[in-house]
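These numbers come from a predicted model, not from an experiment. FYI, side chains are in, hydrogens and waters are out, and symmetry mates aren't considered; it's all heavy atoms of this structure.
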Amino acid sequence: MNEIRRIYQNDFGIAFQWKHDEPQKSNKVQLIFRDIGLLLMPNELQYFSKCINDTLQSCKGNLCKDCKVKGECRSLLLNSPAHQITFAVSFQEVIELRDLISGTLFKLELDSYFDEFGIN
């Protein structure tokens, strides 16, 4: 774990940056959840956040009312920053992923703010 700079982590996944990346790649964020790894630019994280909000908005109140597993099955389709890839996720996974990406974006913005004022 010494080769990464952890940005944010929750029970569902982790977001970090590789310490050994070249300077032009240093703003890419490695996002790991389930058995998936995505290497994303901050603007792609923003887009992914929008995809998550769109998915939550589209299923609002429409979860299978008679379903015995209530939001645990992977019945939601979540678009990703890679337009060719869509994830099948559960409602709970969408909530956890929203937290992971929101926390990551918040931390990146906070770090950027501190860097702007030379605060480390």
Asks: Does the side chain to side chain contact (heavy atoms under 4.5 Å, CB included) test come out yes or no for Leu97 and Val89, once each step is laid out?
Replies: CA-CA 10 Å; Leu97 192 53; Val89 293; 5.5 Å; no
Asks: Under a 4.5 Å cut-off applied to non-hydrogen side-chain atoms, are Asp99 and Tyr8 in contact?
Replies: yes
Asks: If I take atom OG1 from residue Thr86 and atom CG from residue Leu77, how far apart are they, to the nearest 0.5 angstrom?
Replies: 6.5 Å
Asks: Can you name the residues that form a side-chain contact (heavy atoms from CB on, under 4.5 Å) with Ser80, not counting sequence neighbours?
Replies: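 Applying side-chain contact (heavy atoms from CB on, under 4.5 Å) to Ser80 gives Phe48, Ala82, Ile85, Phe87.
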Asks: Could you tell me which residues satisfy salt bridge (Lys or Arg N to Asp or Glu O under 4.0 Å) with Asp54, sequence neighbours excluded, listed by chain and number?
Replies: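 Testing Asp54 for salt bridge (Lys or Arg N to Asp or Glu O under 4.0 Å), a comparison that skips the adjacent residues, returns Lys50.
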Asks: With sequence neighbours left out, write down each residue that passes ring-ring contact (aromatic ring centres under 6.0 Å, His included) with Phe106, or none if nothing qualifies.
Replies: none
Asks: Among residues at least two apart in sequence or on other chains, which ones pass side-chain contact (heavy atoms from CB on, under 4.5 Å) with Ser102?
Replies: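 Result, side-chain contact (heavy atoms from CB on, under 4.5 Å) vs Ser102: Arg98.
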Asks: Can you tell me how far apart CZ (Phe91) and CZ (Arg74) are? Round to the nearest 0.5 Å.
Replies: 15.5 Å
Asks: Taking Ser49 for the side chain and Leu45 for the main chain, is one N or O donor matched with an acceptor at less than 3.5 Å?
Replies: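 Checking the backbone N and O of Leu45 against the side chain of Ser49, no donor-acceptor pair under 3.5 Å is found.
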Asks: I would like to know whether Asp111 and Arg5 meet side chain to side chain contact (heavy atoms under 4.5 Å, CB included); could you show each step before the answer?
Replies: CA-CA 12 Å; Asp111 289 350; Arg5 184 179 71 82; 3.3 Å; yes
Asks: Decide side chain to side chain contact (heavy atoms under 4.5 Å, CB included) for Gln17 and Ile4; before the verdict, give the C-alpha distance in whole Å, the side-chain angles of both, and the deciding distance to 0.1 Å.
Replies: CA-CA 6 Å; Gln17 291 177 312; Ile4 67 169; over 6 Å; no
Asks: Dump the intermediate steps for side chain to side chain contact (heavy atoms under 4.5 Å, CB included) on Ile7 and Ile14, then the final yes or no.
Replies: CA-CA 8 Å; Ile7 300 169; Ile14 185 170; over 6 Å; no
Asks: Which donor-acceptor pairs under 3.5 Å do the side chains of residues 29-39 make with protein atoms, sequence neighbours left out?
Replies:
{"residue": "Gln30", "atom": "OE1", "partner": "Trp18", "partner atom": "NE1", "Å": "3.4"}
{"residue": "Gln30", "atom": "NE2", "partner": "Leu38", "partner atom": "O", "Å": "3.4"}
{"residue": "Arg34", "atom": "NH1", "partner": "Ala88", "partner atom": "O", "Å": "3.1"}
{"residue": "Arg34", "atom": "NH1", "partner": "Glu93", "partner atom": "OE1", "Å": "3.0"}
{"residue": "Arg34", "atom": "NH1", "partner": "Glu93", "partner atom": "OE2", "Å": "3.4"}
{"residue": "Arg34", "atom": "NH2", "partner": "Ala88", "partner atom": "O", "Å": "3.4"}

Asks: Starting at CG of Asn10, measure out to CD1 of Ile95 and round the result to the nearest 0.5 Å.
Replies: 11.5 Å
Asks: Any donor-acceptor pair under 3.5 Å linking the side-chain atoms of Asn79 with those of Tyr47?
Replies: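 Side chains of Tyr47 and Asn79: no pair found under 3.5 Å.
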Asks: Mind listing the closest non-hydrogen atom pair of Pro42 and Asn27 along with its distance?
Replies: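 Taking Pro42 first and Asn27 second, the nearest heavy atoms are CD-O, 3.3 Å.
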Asks: Measure the spacing between CG of Leu105 and CG of Leu110 and express it to the nearest 0.5 Å.
Replies: 12.5 Å
Asks: Once you round to the nearest 0.5 Å, how far does OG1 of Thr55 lie from CG of Leu78?
Replies: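 Those atoms lie 4.5 Å apart.
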Asks: Holding to side-chain hydrogen bond (donor to acceptor under 3.5 Å, both in side chains), I want the full list of residues that pass it with Glu96, two or more places apart in sequence or in another chain.
Replies: Gln92
Asks: Counting neighbours of CG on Asn43 that are heavy atoms of other residues, nucleotides or ligands and sit closer than 6.0 Å, is the number greater than 12?
Replies: yes
Asks: Once rounded to the nearest 0.5 Å, what's the spacing between atom CG of Asn53 and atom CD1 of Ile101?
Replies: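 Interatomic distance, Asn53 CG to Ile101 CD1, rounded to 0.5 Å: 9.5 Å.
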